[in-house]
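All residue numbers refer to positions in the sequence shown, counting from 1.
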Amino acid sequence: FLRGNFRTRARVLLADLQFKPGDRFDIRKIEDADAMMRKRQIFNLVRIQLLGIAEQQPLLPVLVTVEERYDDQGAIEFGIGGSTDNYLFGSVAYTNANLFGFGTNLILKGEVGMRRQGGEVHYRDPRLLGSTVILDVEGFVRNQLTLRLGQIFTVGGSLGVAKELFPHFKALLRYEFRRITHREDVVYPSLINEERQVDVPTQTGAIGPAIVYDRRDNPLAPTKGFRLGAAFLWASRYLGGLDDFLKLNLNGIILVSTV
């Protein structure tokens with residue numbers, strides 16, 4: 001039985017239950033289901049109860065109770081501000097942390113300023129096809145007016161999957177594409193009285209794996225612990241780019257509480 005999922009679809013909850021009617025009782029499956037539902041981060045409360053266990057009934061009905069954290073159609077935020085590189089700008093963002101009740105996340109952002117305009121979209125599915133694989137899809141477009149290079153237009157996106165292989169240890173695979181175009185002046189010889197600008201593109205298509213080992217006490221607001229990461233990137237013309245190169249990135253952070 002399911003209770004409290006007014007927005008979240010029943011199949012989302014059932015996908016996290018590692019048992020089916022008629023299975024032998026296994027407390028580890030109950031604990032795993034509870035942990036998987038909490039990892040979705042769309043519930044304030046998750047409780048799995050076995051009805052009739054005190055009476056030692058041969059068949060135990062299971063009651064899953066949740067309290068939804070996001071029971072609306074999403075949130076819209078507006079902003080206005082100023083900065084040294086964009087002067088005056090306005091922004092709008094839409095966030096839906098439980099899109100259509102499927103437990104997926106959608107973020108749309110847009111910004112219009114005097115020197116920079118752009119937009120981006122981010123979609124995340126924490127249970128790709130009912131598995132424990134996380135799917136991340138991102139896309140963006142940006143137009144900037146810079147002092148040194150003039151107008152720069154950028155468009156790109158990425159597609160990535162991630163999976164926790166062991167506690168605190170995650171592996172990722174990511175493809176990314178980026179195209180940057182800026183305009184440069186072309187000056188002809190003195191015999192030709194003509195000046196014009198041409199577009200100069202820089203395009204990168206790359207794919208590569210990454211690993212993350214995270215022992216922070218709280219990923220959202222950590223106060224202690226550490227996080228280590230390594231990523232390898234292979235860029236190639238066969239992947240949609242204009243250049244071939246390899247890139248290795250190592251990073252880490254250590255947090256020490258002063259309290």
Side-chain angles (χ1 to χ4, degrees), residues 1-21 23 25-54 60-79 91-109 120-138 160-170 172 212-225 227 255 257 259:
F1 302 98
L2 304 178
R3 178 184 295 174
N5 57 316
F6 301 106
R7 178 167 177 77
T8 305
R9 297 176 184 265
R11 74 180 195 180
V12 174
L13 298 176
L14 295 176
D16 288 341
L17 300 179
Q18 302 299 305
F19 52 87
K20 60 183 182 297
D23 285 352
F25 174 74
D26 189 340
I27 189 61
R28 291 173 298 181
K29 293 184 178 181
I30 302 293
E31 295 173 346
D32 290 344
D34 183 274
M36 293 181 67
M37 290 183 187
R38 294 181 186 276
K39 284 183 178 181
R40 288 184 178 274
Q41 298 183 353
I42 59 174
F43 303 119
N44 290 323
L45 170 71
V46 175
R47 184 170 62 244
I48 302 179
Q49 298 172 279
L50 302 176
L51 306 180
I53 189 172
L60 299 177
V62 178
L63 174 62
V64 179
T65 304
V66 297
E67 180 182 298
E68 295 188 312
R69 184 175 301 173
Y70 309 102
D71 57 357
D72 50 28
Q73 300 298 323
I76 300 179
E77 299 180 1
F78 298 93
S91 64
V92 60
Y94 171 76
T95 302
N96 194 321
N98 191 1
L99 186 64
F100 302 123
F102 287 110
T104 56
N105 184 281
L106 177 67
I107 300 176
L108 304 174
K109 293 182 179 181
E120 60 184 86
V121 57
H122 180 201
Y123 173 81
R124 165 170 283 202
D125 186 350
R127 295 283 190 275
L128 179 61
L129 300 178
S131 69
T132 57
V133 175
I134 301 173
L135 171 69
D136 277 302
V137 182
E138 297 181 8
V161 291
K163 181 178 176 60
E164 187 177 41
L165 301 180
F166 311 103
H168 311 291
F169 185 86
K170 182 183 296 184
L172 307 91
V212 176
Y213 184 59
D214 193 348
R215 293 306 304 263
R216 294 175 297 173
D217 57 344
N218 188 329
L220 299 179
T223 59
K224 61 181 180 179
R227 182 183 186 275
L255 301 170
S257 177
V259 180

Considering all heavy atoms, the nearest Asn98-Tyr70 contact: ND2-O, 4.2 Å
Is there a side-chain contact between Glu68 and Phe6 (heavy atoms, below 4.5 Å)? yes
Minimum heavy-atom separation for Leu17 to Ala33, with atom names? CD2-CB, 3.8 Å
The criterion is side chain to side chain donor-acceptor pair (under 3.5 Å); which residues satisfy it with Asp217, sequence neighbours excluded? Thr223
Go through it in stages, so that I can follow the logic: the residues are Arg7 and Asp72, the test is salt bridge (Lys or Arg N to Asp or Glu O under 4.0 Å), and I'd like the CA-CA distance, side-chain angles, deciding distance and then a yes or no. CA-CA 8 Å; Arg7 178 167 177 77; Asp72 50 28; 5.8 Å; no
Hey, could you give me the OH/OG1 distance between Tyr123 and Thr104, rounded to the nearest 0.5 Å? 4.0 Å
Any side-chain donor paired with an acceptor under 3.5 Å for Lys163 and Thr132? yes
Tell me, yes or no, whether the heavy-atom count around Arg3 atom CZ, taken from other residues, nucleotides or ligands under 6.0 Å, exceeds 12. no
Hey, is CG on Leu129 packed in by over 12 heavy atoms from elsewhere, all under 6.0 Å? no
Distance under 6.0 Å and angle within 45° of ring axis: Arg9 vs Phe102: yes
Looking at every non-hydrogen atom in both residues, tell me the closest pair between Ile134 and Pro126 and how far apart they are. CG1-O, 3.9 Å
Side-chain (Thr8) to main-chain (Asn5) donor-acceptor, under 3.5 angstrom: no
If you measure from CG on Asn218 to CG on Leu255, what distance do you get to the nearest 0.5 Å? 11.0 Å
Qualifying residues under salt bridge (Lys or Arg N to Asp or Glu O under 4.0 Å), relative to Lys224, sequence neighbours excluded: none
Output yes when Asp32 and Arg28 qualify as a salt bridge under the 4.0 Å nitrogen-oxygen rule, no when they do not. no
Just to verify, what does Leu108 make a side-chain contact (heavy atoms from CB on, under 4.5 Å) with, not counting sequence neighbours? Tyr94, Leu106, Val121
Indicate yes or no: at least one non-hydrogen side-chain atom of Arg40 is less than 4.5 angstrom from one of Val12. yes
Heavy-atom nearest pair, Leu99 first then Asn96, reads N-OD1, 3.3 Å
Suppose we screen for side-chain contact (heavy atoms from CB on, under 4.5 Å). Which residues come up paired with His122, at least two apart in sequence or across chains? Ile107, Arg124, Asp136, Glu138
Is there a side-chain contact between Val133 and Arg127 (heavy atoms, below 4.5 Å)? no
Glu67: which residues meet the salt bridge (Lys or Arg N to Asp or Glu O under 4.0 Å) condition with it, sequence neighbours left out? none
Report yes if the side chains of Val212 and Phe169 come closer than 4.5 Å at any heavy-atom pair, otherwise no. no
Can I get a per-line list of side-chain donor-acceptor pairs under 3.5 Å for residues 42-52, giving both atom names and the distance, sequence neighbours left out?
from  : atom 1 : to    : atom 2 : distance (Å)
Asn44 : OD1    : Arg69 : NE     : 2.9

Under 30°, 30 to 60°, or over 60°: which ring-plane class applies to Tyr213 and His168, parallel, tilted or perpendicular? perpendicular
